[in-house]
Amino acid sequence: DFDIGTDASPSRLRRLFRNSRVIGRRFKIVHVWFPGGKVIEVATFRASSVEQDDEDEPDVLARDNTFGTPAEDAFRRDITINGLFYDVASNSVIDFVNGMADLKAGVIRSIGDPFRRFREDPVRIIRAIRHAARSDFQIEEETWRAIEELHDGIRLCSPSRVIEEFLRDLRGGAAARAFPMLCEVGVLDGFSPTFAELVREGSGGPGESVKKELLTVLNVIDERIGAGEATSDAVILASLFFPLAKHVAGTESDGAHPAPHGWERVISQPIKAVAREFGITRRMTEGYAELLGNIWRVFLPNDRSFRRLANRQMIGDYLILLEILERAGERFVLNWRECPLVPAPSRRSGRRRPRSRRRGAPKGPPAE
């Protein structure tokens, strides 16, 4: 995963590449567009200006766009293994932050003071946990203490940034390792109290198996991603929220097609609440909410709603979701492969219209 860095300012990059545009307010970066929808993101090396107290918040935007040298830029980054530079001219790695040593030792360590780093941008907490989970590295003690103390700062971040980082966790192939760490340190409470509360409720009482089911589903998603199997964000979120939705609905499925009464109505409110807290877009919310709300109809092929589903492009996502739940051990999906997933075409009443013949075609039976 490479980031492109340069000493050219965003305005100069814009002049050099006419097929580009400057985006961002806090961090000005340049997107260079190429045929086929390929986009190269280019960032200018940055430097921190004079050290400021946390009360100087109005100056944050100006400080973040103070340009500098590669070394200054490296010391502004989050963790040491993420601060390595590759010089394309000399074909060599440039290490300003002792990242190679931590890479060899399997350690996740903040660059500089971790408390200052995570106050500057609390989203770095999610990134540190993701790198630890994906690489199976240990988080250094001081860095972990800063994460435990400052995790609540996630509430101050833009919801769109938080959900993008969370989706990267889910798409990264190590969600089953990252999720318990997010729960343990309290990061999950920071950006979705409803989701965190549902997980906590699943730790005891009638829903004691919810957290276990959740981790099982995440393991299946990790396996799919590791095998290179395409999985949309809507399917990932629907898979993630299914054990919670089942717990909210009080469903204990023991048949082939349980279709619990009022399923869609019961799960609607918590699903929408989680979507608001996560900052999930309305379009994405509609996608995974529809998957969750109609999952039972696959077992009711005579239902009119299912007939509409079977003829829509989204039916592919339903089948992938069913496969994930099957592999996760959900009992109600054990015989989903035997269901008539594509309903037979309806018979039309009335006289059948004869097929027209092509001009010049022989009227007798075809020659053998």
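These numbers were taken from a predicted model, which means no experiment stands behind them.
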Exercise for the section: Measure the CD1-CG distance between I236 and D317 for me, rounded to the nearest 0.5 Å. Expected result: 10.5 Å
Completion exercise
A74 and V97 have their tightest heavy-atom pair at O-CG1, 3.9 Å
Exercise for the section: Kindly indicate whether the side chain of I129, heavy atoms from C-beta on, has any atom under 4.5 Å from the side chain of R124. Expected result: no
Exercise for the section: Tell me who clusters with V30, hydrophobic residues only, linked when side chains sit under 4.5 Å apart either directly or through other members. Expected result: I4, L13, L16, F17, V22, V32, F34, I40, V42
Problem - Point-to-point distance, once rounded to the nearest 0.5 Å, from CD1 of I108 to CD1 of I147 - result: 9.5 Å
Exercise for the section: Drop me the distance from R119's CZ to R116's CZ, to the nearest 0.5 angstrom. Expected result: 9.0 Å
Problem - Side chain proximity check, F242 to E213, heavy atoms < 4.5 angstrom - result: no
Kindly list each side-chain donor-acceptor pair under 3.5 angstrom involving residues 167-188, sequence neighbours excluded, with atom names and distances?
residue	atom	partner	partner atom	Å
D169	OD1	R130	NH1	3.4
R171	NE	D233	OD1	3.0
R171	NH2	D233	OD2	3.1
R177	NE	A133	O	2.7
R177	NH2	A133	O	2.7

Handout entry: Partners meeting side-chain hydrogen bond (donor to acceptor under 3.5 Å, both in side chains) with D113 (sequence neighbours left out)
Key = none
Handout entry: Shared hydrophobic cluster for I111 and V107 (ILVMFWY, side-chain gaps under 4.5 Å)
Key = no
Handout entry: Q138 CD: over 12 foreign heavy atoms closer than 6.0 Å
Key = no
Exercise for the section: Apply side-chain contact (heavy atoms from CB on, under 4.5 Å) to A238 and list each qualifying residue two or more places apart in sequence or on a separate chain. Expected result: Y288, L291, L292, L321
Completion exercise
The side-chain hydrogen bond (donor to acceptor under 3.5 Å, both in side chains) partners of T80 (sequence neighbours excluded) come to D102
Problem - Partner set under side-chain contact (heavy atoms from CB on, under 4.5 Å) for N82, not counting sequence neighbours - result: D78, I79, H131
Problem - Partner set under side-chain contact (heavy atoms from CB on, under 4.5 Å) for E229, not counting sequence neighbours - result: R224, A227, E323, R327
Handout entry: Heavy-atom check, side chain of E326 versus side chain of E330, under 4.5 Å
Key = no
Problem - ILVMFWY cluster, V93 and L103 together (side-chain gap under 4.5 Å) - result: yes
Practice task
Could you pull out all residues at least two apart from F166 that satisfy ring pair (Phe, Tyr, Trp, His ring centres under 6.0 Å)?
Solution key: F191, F278
Exercise for the section: Answer yes or no: does atom CZ of R12 have more than 12 heavy-atom neighbours from other residues, nucleotides or ligands under 6.0 Å? Expected result: no
Handout entry: H31 vs I29 side-chain heavy atoms within contact, under 4.5 Å
Key = yes
Exercise for the section: Only counting residues at least two apart or in another chain, list the ones meeting salt bridge (charged side-chain N to carboxylate O under 4.0 Å, His left out) with D73. Expected result: R77
Problem - With sequence neighbours excluded, residues passing side-chain hydrogen bond (donor to acceptor under 3.5 Å, both in side chains) with E149 - result: none
Handout entry: 4.5 Å side-chain heavy-atom contact, F118 and T143
Key = yes
Problem - Student check: side-chain heavy atoms of R161 and E164 closer than 4.5 Å - result: no
Exercise for the section: Please name the pair of heavy atoms, one in I320 and one in A230, separated by the smallest distance, quoted to 0.1 Å. Expected result: CD1-O, 4.0 Å
Exercise for the section: Using side-chain contact (heavy atoms from CB on, under 4.5 Å) as the criterion, list what pairs up with S135, not counting sequence neighbours. Expected result: F137
Problem - Atom pair CZ/OG1 of R46 and T66 - distance to nearest 0.5 Å - result: 9.5 Å
Practice task
Taking the side chain as every heavy atom from C-beta outward, state whether L240 and L214 have any pair of such atoms under 4.5 Å apart.
Solution key: yes
Practice task
For residues I221 and S239, determine if any side-chain heavy atom of one lies less than 4.5 Å from a side-chain heavy atom of the other.
Solution key: yes
Handout entry: Test item: T44 side-chain N/O and A8 main-chain N/O as donor-acceptor pair under 3.5 Å
Key = yes
Exercise for the section: Using the side-chain hydrogen bond (donor to acceptor under 3.5 Å, both in side chains) rule, take W144 and E148 through it: C-alpha gap first, then chi angles, then the decisive distance, then the call. Expected result: CA-CA 6 Å; W144 182 253; E148 288 182 317; 3.1 Å; yes
Practice task
Calculate, to the nearest 0.5 Å, the distance between atoms CZ and CZ belonging to F67 and F45 respectively.
Solution key: 12.0 Å
Exercise for the section: Could you tell me which non-hydrogen atom of F75 sits nearest to which non-hydrogen atom of F96, and how far apart they are? Expected result: CZ-O, 3.3 Å
Practice task
Using the test side-chain hydrogen bond (donor to acceptor under 3.5 Å, both in side chains), find all partners of S90 that sit at least two apart in sequence or belong to another chain.
Solution key: D87, S92
Completion exercise
Rounded to the nearest 0.5 angstrom, the NZ-CZ distance for K28 and R14 is 13.0 Å
